[in-house]
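A quick note: this is a predicted structure, and the numbers were derived from the prediction, not measured. Every chain is numbered from 1, with letters handed out A, B, ... down the list of sequences.
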Amino acid sequence: MSNVILQHIVKRYDEIEVVHGIDLTIAPKEFVVLVGPSGCGKSTTLRMIAGLEEISDGELQIDDRVVNRVAPKDRDVAMVFQNYALYPHLNVAENIAFGLRIRKESKEHIAKSVSEVGEILGLTPYLQRRPADLSGGQRQRVAMGRAIVRRPKVFLFDEPLSNLDAKLRTQMRAEIKRLHKRLGATSVYVTHDQVEAMTLADRIVVMNDGRIEQVGSPMDLFMNPANTFVAGFIGSPPMNQLNGVVEVTSDGLQANVSGITFELLESTQVEPGQAVVVGIRPEHLSLHASEHSSTIPISLDLVETLGSEALLHATVGEVPIIIKVETHGNIDHLHNVKEVFAPMNLVKLFDMQSGLAIDRKTVA
Amino acid sequence: MAAARQAKPLKQKLSRFVDHFRNDWQIYLMLLPTIIWMIVFLYKPMYGLQIAFKDYSIFRGVAASPWVGFEHFQTLFSNDQFLRAIKNTIIISALNLLFGFPAPIILALMFNEILHATYKRTAQTIVYLPHFISTVIIAGIVTTAFSPTAGVVNTMIGWFGLDSIYFLTKPEWFRPIFVSTGIWQEAGFGSIVFLAAIAGVNPSLYESAVVDGASRWQMMWRITIPSIMPTIIIMLIIRIGNIMEVSFELIILLYQPATWSTADVVNTFVYRQGLESGQYDVAAAAGLFNAVVAFVLVMTANTLSRRYSRTSLW
């Protein structure tokens, strides 16, 4: 199995730089997800790894070999495209066999590989059908079949599930995860869907505006976002962010958000008067007070019922805030909620000016 | 009962059409000039087709001329010149199909491989240009180029110490000259439709093939050509439908009695019979025969294509 190392990778189109020097090391067998809003450079980065885009600056290594100037076919990578990229004039078996036939593999080897892949992906009954006669999910499976049949060193996925409906997406997500477990190949997966990122990744790379904002395990990103961007991007709904100021009172160090106080540990690296952003996840807000929690008075706008959970849309002063609570089968009491409680140990603090987290690790 | 049952859907259809018309009358208005053109120039002349079965005289008019059945067809098929014209039409069309049909496809594939944008645009413009030159001028250029005294072709032959050839009087040279002139004039313009088809191919098919390790040559054979195959087949059907319609003006302008043996086609025969000899009825019969053959050909091609490749014109 192979590693992939990106060293200060830059992509420029004429004068416009879209990827500003990315450093990333992907370990063998690792499943890394690049996630970010559209235009953040995640697909461009993936295409540079594939060799479909030239690398303007920096160094790319696959399996400890610099491949900047190596043709895509010689990088031993396989890519799954968003729109499947199936050949409409070939049937499923021929589509899967395409890469092997191009490489002039023996007929026996091709037949054996295709039937194996058909078996793994449950495509055996459809091998003779044309792509036009398949459903979206089946087409996506054929696209994956084309990638895995070659047993490449690295798999690249470019938003492979975004053309599928929600139910199928959930199903295929699980299939990709299973497939990765089974094949254990190094995988780089691009998506704008943070749920996909959370569920699939060993490590998530959050990108924004051509830069990496944070790299970490899904839980690490969820619990300890490095900055306000990651806090707002990871999690659904995203982390609530309230602007406040650091104060020193007789009770100790506090963050004051228009009258609401959040206790801070004495060791917190802040200065009195510093403008900060107080971050608290919707699921960490509670309807019940605990020993060290801040009380947040809210005015409730709307209760969104999801079944086992409900989202309370409310405002704190003028600032919108979302609270995620369990319903236990009853939402009547939720309509009268006047205040919620933020457990001190789950409150995150960010510097307002830089947006960076003020160091305080939260252990999940 | 049955009639009433049938009448209802018809009524529904009619009212649906009226609804469509009310909503989109602007579109129907745009269609109108073409419909008028077709009525005036294609449907109305069909009335005159009956003279193919009549002993037509301009003085009696179309309606009053007496019926003679298939007499003109019998005359035609016992006429060696007409049989020769059919043979020439088929041979020239076959050569056109064999060499002229693939030319724009090959040209389009070649253009598609040019990466330099300016070079590509310039090259395309240059090959489109001959299409816009009037046939008369094309014939003039060909006549001049192949002239035995000052022609560029004979000049080049002269460099090798060979005698000059009066190409346009040699029956064996007529078809090659005619077919290659046609290719030179139309291949560039004809490539537009194939270039458009190539532009419609999903780019990720190529990217996927690049990652799979396909060369440009393999991508052309395995992706581009199969992807534009429906367009190729449609163009082929249209071409087959026009097989009896060889470029009449160019033949008239290039041929001379010396080359009639290989150059005279049904259309030039009709022209000479009808307009030069005044035998309108025989000419109409020859023209009708031509049209029937073309109709049968296009129907057959379309049916075969629909059956074997799921692509058809209608």
Engineer: Among the options A85(A), P152(A), A50(A), pick out the one with the most heavy-atom pairs lying under 4.5 Å from chain B.
Structural biologist: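 With the most close heavy-atom pairs to chain B, the winner is A85(A).
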
Engineer: Regarding E108(A) and K112(A), does a basic nitrogen lie under 4.0 Å from an acidic carboxylate oxygen?
Structural biologist: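 Not counted as a salt bridge, because no side-chain N and carboxylate O are separated by less than 4.0 Å.
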
Engineer: Checking heavy atoms, do the side chain of E207(B), its backbone, both or neither come under 4.5 Å from chain A?
Structural biologist: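 Contact with chain A is through both the backbone and side chain of E207(B).
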
Engineer: Which of these passes side chain to side chain contact (heavy atoms under 4.5 Å, CB included) with S227(B): I198(B), V201(B), N202(B)?
Structural biologist: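 That would be V201(B); it is the only one of I198(B), V201(B), N202(B) passing the side chain to side chain contact (heavy atoms under 4.5 Å, CB included) with S227(B).
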
Engineer: Show the numbers, then the answer: is there a ring pair (Phe, Tyr, Trp, His ring centres under 6.0 Å) between F194(B) and F111(B)?
Structural biologist: CA-CA 10 Å; F194(B) 296 107; F111(B) 280 137; over 10 Å; no

Engineer: Among V77(A), N83(A), L86(A), single out the residue with the greatest number of heavy-atom pairs under 4.5 Å to chain B.
Structural biologist: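 When all of V77(A), N83(A), L86(A) are compared, N83(A) has the most.
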
Engineer: At a heavy-atom separation under 4.5 Å, does R47(A) approach chain B through its side chain, its backbone, both, or neither?
Structural biologist: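 Side chain only.
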
Engineer: Is R139(A) reaching over with its side chain to a backbone N or O of Y84(A), donor-acceptor style, under 3.5 angstrom?
Structural biologist: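 Judged by distance alone, no pair lies under 3.5 Å.
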
Engineer: Apply ring pair (Phe, Tyr, Trp, His ring centres under 6.0 Å) to the pair Y189(A) and F155(A), showing each step before the final yes or no.
Structural biologist: CA-CA 8 Å; Y189(A) 188 108; F155(A) 280 112; over 10 Å; no

Engineer: Select one option (side chain, backbone, both, neither) describing which atoms of Y87(A) are under 4.5 Å from chain B's heavy atoms.
Structural biologist: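 It is both, since atoms from each part get that close.
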
Engineer: Looking just at side-chain N and O atoms, do E159(A) and H192(A) make a donor-acceptor pair shorter than 3.5 Å?
Structural biologist: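 Yes, H192(A) and E159(A) have a side-chain donor paired with an acceptor closer than 3.5 Å.
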
Engineer: At a heavy-atom distance under 4.5 Å, which candidate from I102(A), L52(A), L100(A) has the highest pair count against chain B?
Structural biologist: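 Looking at each option in turn, the highest pair count goes to I102(A).
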
Engineer: Relative to chain B, which segment of L156(A) carries a heavy atom at a distance below 4.5 Å: side chain, backbone, both, or neither?
Structural biologist: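 Neither part.
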
